[in-house]
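Input: a single structure, listed below in C-alpha cells.
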Amino acid sequence: MVYTIPEIPPSNNRYIGRDARWKYQTEKRRWADLIALHCRPRPQKPIYRAVVTICYYFKDARRRDPDNYSGKMILDGLVRCGVLEDDSFFCVSLRLEARKDKDNPRTEIEIEER
C-alpha cells in the first residue's frame, strides 16, 4: 500500500539541540493527525512486520542529509492510527529516499508486509 501526505515533515535539525520541546510535540501531534487523515484505507488489523519506504519529494535538489529526515514522526503516526503494530527494529525495516518534484512536494509512504 502507498499513502501520500501532501507535505514534507520538518528536518530534525529544527528541534535537536534547541529549547524547542513544546514546538516539537505540537508538530509531532500535527503529523500524527496528517497520517491519520491521509493513510486510508487502513489494514483490518495493524501490520506486525513491514518494510516501510518513505520517499520525500522536495521542490528543489538542494543537498539534504537522510538522518535529518529519519521518519520518526511518520512511523509514530502510523502506529498511532493503527497501520503498524509497532515501529521497533524487529517490526520495521526502514528505507529513506528523496526525489525532486518542483510542482508537487510531498511525502509518499510505501508499506510492504513481510
Side-chain angles (χ1 to χ4, degrees):
M1 66 187 82
V2 177
Y3 300 120
T4 302
I5 311 298
E7 294 184 36
I8 296 171
S11 165
N12 292 338
N13 285 339
R14 183 176 289 180
Y15 304 107
I16 293 174
R18 304 177 199 279
D19 190 21
R21 178 178 177 202
W22 300 115
K23 288 180 183 178
Y24 172 79
Q25 291 300 323
T26 300
E27 188 67 8
K28 185 177 173 182
R29 276 191 298 278
R30 191 177 82 76
W31 266 86
D33 292 343
L34 278 172
I35 298 291
L37 178 66
H38 293 283
C39 291
R40 296 177 187 265
R42 294 188 189 124
Q44 289 196 347
K45 64 178 191 163
I47 299 169
Y48 180 62
R49 295 191 74 178
V51 175
V52 177
T53 303
I54 301 172
C55 187
Y56 301 106
Y57 288 82
F58 295 102
K59 62 177 144 184
D60 58 41
R62 194 178 63 170
R63 184 186 175 284
R64 293 175 175 87
D65 294 343
D67 58 332
N68 293 327
Y69 293 88
S70 64
K72 175 157 181 53
M73 290 182 190
I74 293 168
L75 291 176
D76 288 349
L78 290 169
V79 171
R80 183 175 167 197
C81 78
V83 172
L84 298 177
E85 185 170 315
D86 189 20
D87 61 352
S88 68
F89 275 114
F90 181 75
C91 297
V92 171
S93 291
L94 179 63
R95 295 188 311 209
L96 300 174
E97 299 177 358
R99 297 193 179 111
K100 177 185 168 189
D101 187 339
K102 184 176 90 175
D103 299 322
N104 186 21
R106 65 195 179 278
T107 302
E108 289 187 359
I109 307 159
E110 180 179 350
I111 302 171
E112 301 171 60
E113 193 166 3
R114 58 177 176 144

Only counting residues at least two apart or in another chain, list the ones meeting salt bridge (charged side-chain N to carboxylate O under 4.0 Å, His left out) with [X].
{"X": "R63", "value": "D65"}
{"X": "R99", "value": "E97"}
{"X": "E7", "value": "R30"}

**Prompt:** Please, which pairs that meet salt bridge (Lys or Arg N to Asp or Glu O under 4.0 Å) have at least one residue in residues 50-61, sequence neighbours excluded?
**Reply:**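 Checked against salt bridge (Lys or Arg N to Asp or Glu O under 4.0 Å) - neighbours excluded - the pairs reaching residues 50-61 are D60-R64.
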**Message:** Taking salt bridge (Lys or Arg N to Asp or Glu O under 4.0 Å) as the cut-off, I'd like each qualifying pair that reaches into residues 32-45, sequence neighbours left out, listed once.
**Reply:**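 For residues 32-45: none.
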**Asked** Excluding sequence neighbours, so at least two apart, what forms side chain to side chain donor-acceptor pair (under 3.5 Å) with T26?
**Response**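 Side chain to side chain donor-acceptor pair (under 3.5 Å) list for T26, sorted by chain: empty.
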**Prompt:** Taking only residues two or more places apart in sequence, or in another chain, which ones meet Q25 in a side chain to side chain donor-acceptor pair (under 3.5 Å)?
**Reply:**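 Partners of Q25 under the side chain to side chain donor-acceptor pair (under 3.5 Å) test: none.
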Would you give the length of the straight line joining atom [atom1] of [X] to atom [atom2] of [Y], rounded to the nearest 0.5 angstrom?
{"X": "T53", "Y": "L94", "atom1": "OG1", "atom2": "CG", "result": "8.0 Å"}
{"X": "I5", "Y": "E108", "atom1": "CD1", "atom2": "CD", "result": "10.0 Å"}
{"X": "C55", "Y": "R95", "atom1": "SG", "atom2": "CZ", "result": "10.5 Å"}

Applying a strict under-4.5 Å side-chain criterion to I, L, V, M, F, W and Y, I'd like to know whether [X] and [Y] cluster together.
{"X": "I8", "Y": "L34", "answer": "yes"}
{"X": "Y3", "Y": "L96", "answer": "yes"}
{"X": "L84", "Y": "M1", "answer": "yes"}

**Asked** Got a sec, which pairs hit ring-ring contact (aromatic ring centres under 6.0 Å, His included) with one end in residues 21-55, sequence neighbours left out?
**Response**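 The answer is Y15-Y24.
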**Request:** Scan for ring-ring contact (aromatic ring centres under 6.0 Å, His included) pairs involving residues 62-87, sequence neighbours excluded, and state none if there are none.
**Result:**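 As it turns out, the ring-ring contact (aromatic ring centres under 6.0 Å, His included) pairs with a partner in residues 62-87, which skip direct neighbours, are Y56-Y69, F58-Y69.
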**Request:** Take I35 and V83 through the side-chain contact (heavy atoms from CB on, under 4.5 Å) test and state the conclusion after the steps.
**Result:** CA-CA 10 Å; I35 298 291; V83 172; 5.8 Å; no
**Student check: side-chain heavy atoms of E113 and P43 closer than 4.5 Å** =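 They are not in side-chain contact.
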Considering only distance and modelled atom types, tabulate donor-acceptor pairs under 3.5 Å from the side chains of residues 71-80, sequence neighbours left out.
unit_1 : atom_1 : unit_2 : atom_2 : d
K72    : NZ     : D76    : OD2    : 2.9
D76    : OD2    : K28    : NZ     : 3.1

**Request:** Determine the minimum heavy-atom distance between A50 and I47, stating which atoms define it.
**Result:**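 Reported closest heavy-atom pair: CB-CG2, 3.8 Å.
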**side chain to side chain donor-acceptor pair (under 3.5 Å) contacts in which one or both residues fall within residues 83-93, not counting sequence neighbours** =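 The answer is D86-S88, S93-R114.
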**Request:** Report the C-alpha distance between N12 and D67 in whole Å, list the side-chain angles of each, state the deciding distance to 0.1 Å, and finish with yes or no for side-chain contact (heavy atoms from CB on, under 4.5 Å).
**Result:** CA-CA 8 Å; N12 292 338; D67 58 332; over 6 Å; no
